[in-house]
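Let me begin by presenting the structure, written as structure tokens, before commenting on it.
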Amino acid sequence: MSSASSATPTSDAAIRAGIDRSLRHPVMFFLTSGAAWLAVSILLAITASIKVHCPTFLDGCGFVDFGRVFPAHINTLIYGWGFQSGFGVLIWLMARMSRQECRSAGTILAAGHVWNLGVLLGTLGILCGEGSGMPWMEFPRFAWPVLLLSYIAIVVWSFIQFRVRAGERTFVAQWYLLGAMMWFPWLSITANTLLFCVPGHPVMAAGINAWFKSGLVFLFFVPSALGAAYYLAPKLTGRPIPSHTLARLGFWSLAVVAPWAGMQKLAGAPLPVFLPYVGAAATALLAVPLLIAALNLLRTIFSSEEKLPKCAPMSFTLAGLVSMLVLAATAVLFNLPGSSLWKVQFSLSGYGFDMLAVYGVFGFMMFAAVYFMVPRLTNCEWRYPRLINMHFFFSVYGIGAIVVGAMIGGYVHGSAAEAWLQPWEYVVDTLRPFAAVSTFAWCVILFANVFFFLHLALMWLRPDRLLAACKAKTEDRVAQSQQTEDPQSTTP
Amino acid sequence: MSAPSQQPDLENSVPAVASPPPVEREKSIPESGSEPISLRTTVICGAVLILGGLIAGYSGNQFSYASLFRDGYVRERPPGAKITPPAPKKALDAYMARGKKIFEGKCITCHGPEAKGNGVTYPSLVGSPWALGETERFSLIVLNGLAGAVSDGKTYGVMTPQGIGMTPEDLAGIMTYVRNHFGNTKGDVVTVEMARNAMKASAARKNAGQLMSAGELADHVRNLEGKEVKPDDMVDPLTFAPVAVAAAPSAVPVAPPAETAPATGTAPAPDAAPPVPAPGAP
Amino acid sequence: MDPTRDNPIIRFNTFWWALWAFFAFAIVLAAIMIFNRAAPTNLEDAVAVARYQTQQTVAEAQAKALPAADIEAAIPEVAAKLAASKPVAVERPDQVVPESPTSKALIAEPALGPTTEPAPVPVPAPAPAPATEGTPAETDAPAPVNS
């Protein structure tokens with residue numbers, strides 16, 4: 001941002017404030033509705049998880065059969081929470097980095113409503129039994145064109161902002177965000193056309209579906225998370241990213257390797273045999289871009305002797321980076337064909353891996369970005385720091401429990417399934433305690449996220465009493481910081 | 001301050017911060033540095049690359065769309081399992097066992113559990129001259145299906161061809177079963193060799209692949225060629241290859257019970273490799 | 001600031017380029033699919049054509065053989081049979097749980113107890129017979145035998 005000749009701090013702040021003002025409504029809408037869908041998704045996750053270890057839970061009601069409530073959970077998590085928070089963060093980050101005010105807030109808001117309508121109708125379709133049965137694509141057939149078109153109506157303006165940006169410099173974060181914006185339509189059109197519109201070989205359809213699932217994780221969610229991380233880490237600390245070359249290497253290795261990943265889920269199926277193993281190899285190789293990005297950013301954050309800013313975005317960014325390291329390690333460890341691939345192929349581990357990627361890596365980065373953006377968008381400090389602390393710690397505990405319960409437990413589950421002389425009941429008995437741990441973890445995460453949603457909604461709606469309280473709180477804090485050298489603020 | 005209204009402030013028009021507002025406290029993103037890539041990073045990434053390469057090479061056939069499984073793939077034996085070959089059985093029993101499986105999997109849905117059909121759309125196989133008569137005619141019906149009038153002159157429904165994916169062992173089994181069960185007592189065995197000849201004859205038809213008709217069947221009223229196997233000959237129950245059993249129990253009363261016990265067709269030992277796929281398979 | 005880059009023409013162009021970029025993969029996919037639509041070259045595809053034809057013939061014949069009117073007419077008959085085969089309530093119990101209220105009632109009034117003759121043992125239905133035939137035979141057994 002320093003390439004302009006006449007950039008003074010006040011004009012910088014004025015530009016930033018103008019950008020924030022132009023984007024206020026679309027972004028706050030996406031964040032709030034995303035948080036609401038997240039709460040819905042976690043409720044569905046708890047129901048589904050209970051049904052794994054107590055199958056008679058709610059067994060009279062057809063709407064919450066496991067085969068309906070689990071896909072509903074996954075799809076609301078991805079399309080309701082994942083994409084909407086991604087939209088909010090993506091368009092704000094791109095606008096800020098390109099220093100362009102948003103001129104299409106109305107269109108984006110309208111498209112966002114259409115997106116929400118699509119997700120709502122799709123979820124109702126799943127719960128009524130009309131789901132397509134393909135993992136991560138379970139919305140009934142009508143949904144995907146609706147979602148794709150509203151997606152395009154939301155993100156095309158960010159492309160324009162990037163193109164007309166002032167200055168020649170591109171930020172690392174911008175590469176990742178551009179990539180994410182472009183890769184999703186490719187994934188979506190390919191997978192949806194080949195699975196829903198064109199007749200093809202059904203076993204290969206399962207392969208394409210597995211490829212889409214992996215592509216969504218590594219070509220949309222992880223790049224969006226990395227974009228947010230590469231923005232927040234240098235921004236919060238004021239320190240540069242240590243190695244530009246390494247960042248470029250990381251981006252291109254992700255772009256080249258990630259499209260090959262995904263089919264390892266079908267190892268052993270009657271597919272051409274190289275496909276699943278290339279998928280396993282690519283997923284293991286994805287540890288490289290994840291490691292590169294995590295190391296680069298951790299060096300950014302910890303590179304100097306100064307104390308870190310103690311604020312919510314920083315904590316969540318660090319949590320996201322640690323999750324990224326764990327994801328890199330498990331991407332390698334779960335794809336070894338002689339040993340672990342057989343055990344995690346059809347077990348709870350796959351679910352744990354997905355949740356680590358979608359909630360651990362992507363979710364934490366999005367929370368970090370949300371806690372950074374919202375005070376700037378709403379001109380209001382976060383009112384209840386204790387809620388933020390609760391959100392952070394309970395989310396971290398929850399994800400930790402998911403890693404232990406689902407990933408490790410899934411490995412045990414898979415090993416039990418490999419003992420093919422035992423009856424299947426033995427396998428389910430092995431799984432039961434880990435499924436119970438997963439349920440507990442989701443309950444903990446629900447607890448955290450309900451407060452997140454309430455806090456966010458209060459920040460946007462701002463009834464007048466709250467307004468006065470916010471003002472009083474900030475004045476207190478400013479007074480405190482003038483007395484002590486070390487402010488315990490929630491924002492930098 | 002004016003009288004507090006309870007309307008939410010959606011335009012965020014009233015700032016709720018004292019100075020400085022958060023946007024002014026922001027730092028700028030500095031230019032990225034150009035430190036060299038550290039050795040540690042290179043070593044770790046190199047190790048991952050090698051591992052990835054090994055995983056990709058595990059399949060053995062890169063980019064070959066024709067291979068569906070790894071070269072030299074052998075199903076794993078469960079730990080502690082001993083491979084005992086299945087005990088030989090009488091030919092008639094072995095073929096009938098195979099035929100029973102096929103019948104209960106495919107034929108029972110139309111012809112019924114007693115093979116009596118329903119008199120309207122599915123004919124009865126009990127005492128049917130075409131089922132009990134010449135084997136080539138019967139085999140062609142099974143392989144290619146049938147439309148039009150059947151042996152009693154009535155027209156029932158259309159019979160679906162069963163030949164796709166049917167092995168000669170299956171065909172021999174189902175024909176033997178129908179001819180020797182449900183009250184039919186033909187007493188002969190249709191062998192695998194005869195079934196193979198039937199499949200050749202079926203493929204050599206002028207209009208191969210289409211349903212049979214009574215007229216065309218009239219050209220095939222003959223028995224299939226093949227070495228005859230007596231109903232009491234001992235065969236391997238899986239491949240139906242003839243098995244030379246050791247000499248029959250001699251007149252000496254000390255006859256090892258192992259000679260006769262396998263002939264009663266006990267269930268295979270639980271630690272033998274079962275021929276059916278494990279339930280965990282995808 | 002470089003003012004020449006931020007003008008309506010560039011914005012308009014970028015909009016359409018972005019749309020093209022979004023759909024580029026789909027266009028490539030369509031091109032690959034169109035150019036790969038070859039005649040069946042392996043046995044599986046060639047045989048599949050004949051199989052689909054036969055399947056259609058069979059399906060039509062079966063649909064013709066399954067007239068909806070007959071099914072509608074048969075439903076009341078089958079329903080009556082099913083209703084008749086429902087097991088009736090036992091008036092005189094053959095087996096009584098000790099210490100239950102029923103047994104206590106019987107001690108008071110022995111006339112309602114089981115008869116001295118044992119209930120007829122149901123002859124087990126022959127093995128290959130379908131389940132529906134077995135049910136009426138079994139439910140005949142607990143029917144009350146009034147002395």
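In what follows, chains carry the letters A, B, and so on, assigned in the order in which the sequence lines appear, proteins first and then strands, with residues in each chain numbered from 1. Side-chain atoms are counted along with the backbone in the values below, which use heavy atoms only and exclude waters and symmetry mates.
- Using a 4.5 Å cut-off between heavy atoms, T121(B) touches chain C through its side chain atoms alone.
- The aromatic rings of Y177(B) and H181(B) lie parallel to each other, with less than 30° between the two planes, well short of the 60° mark.
- Within the 4.5 angstrom heavy-atom criterion, only side-chain atoms of Y122(B), from C-beta onward, approach chain C.
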Before giving the answer on side chain to side chain contact (heavy atoms under 4.5 Å, CB included), spell out for Q162(B) and L171(B) the whole-Å C-alpha distance, their side-chain angles and the decisive distance to 0.1 Å. CA-CA 9 Å; Q162(B) 306 295 329; L171(B) 179 61; over 6 Å; no

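- Donor-acceptor pairing under 3.5 Å is recorded for the side chains of S202(B) and N144(B).
- Proximity to chain B (any heavy atom under 4.5 Å) is shown, for Q55(C), by neither the backbone nor the side chain.
- Between the N207(B) side chain and the Q210(B) main chain, no donor and acceptor come within less than 3.5 Å of each other.
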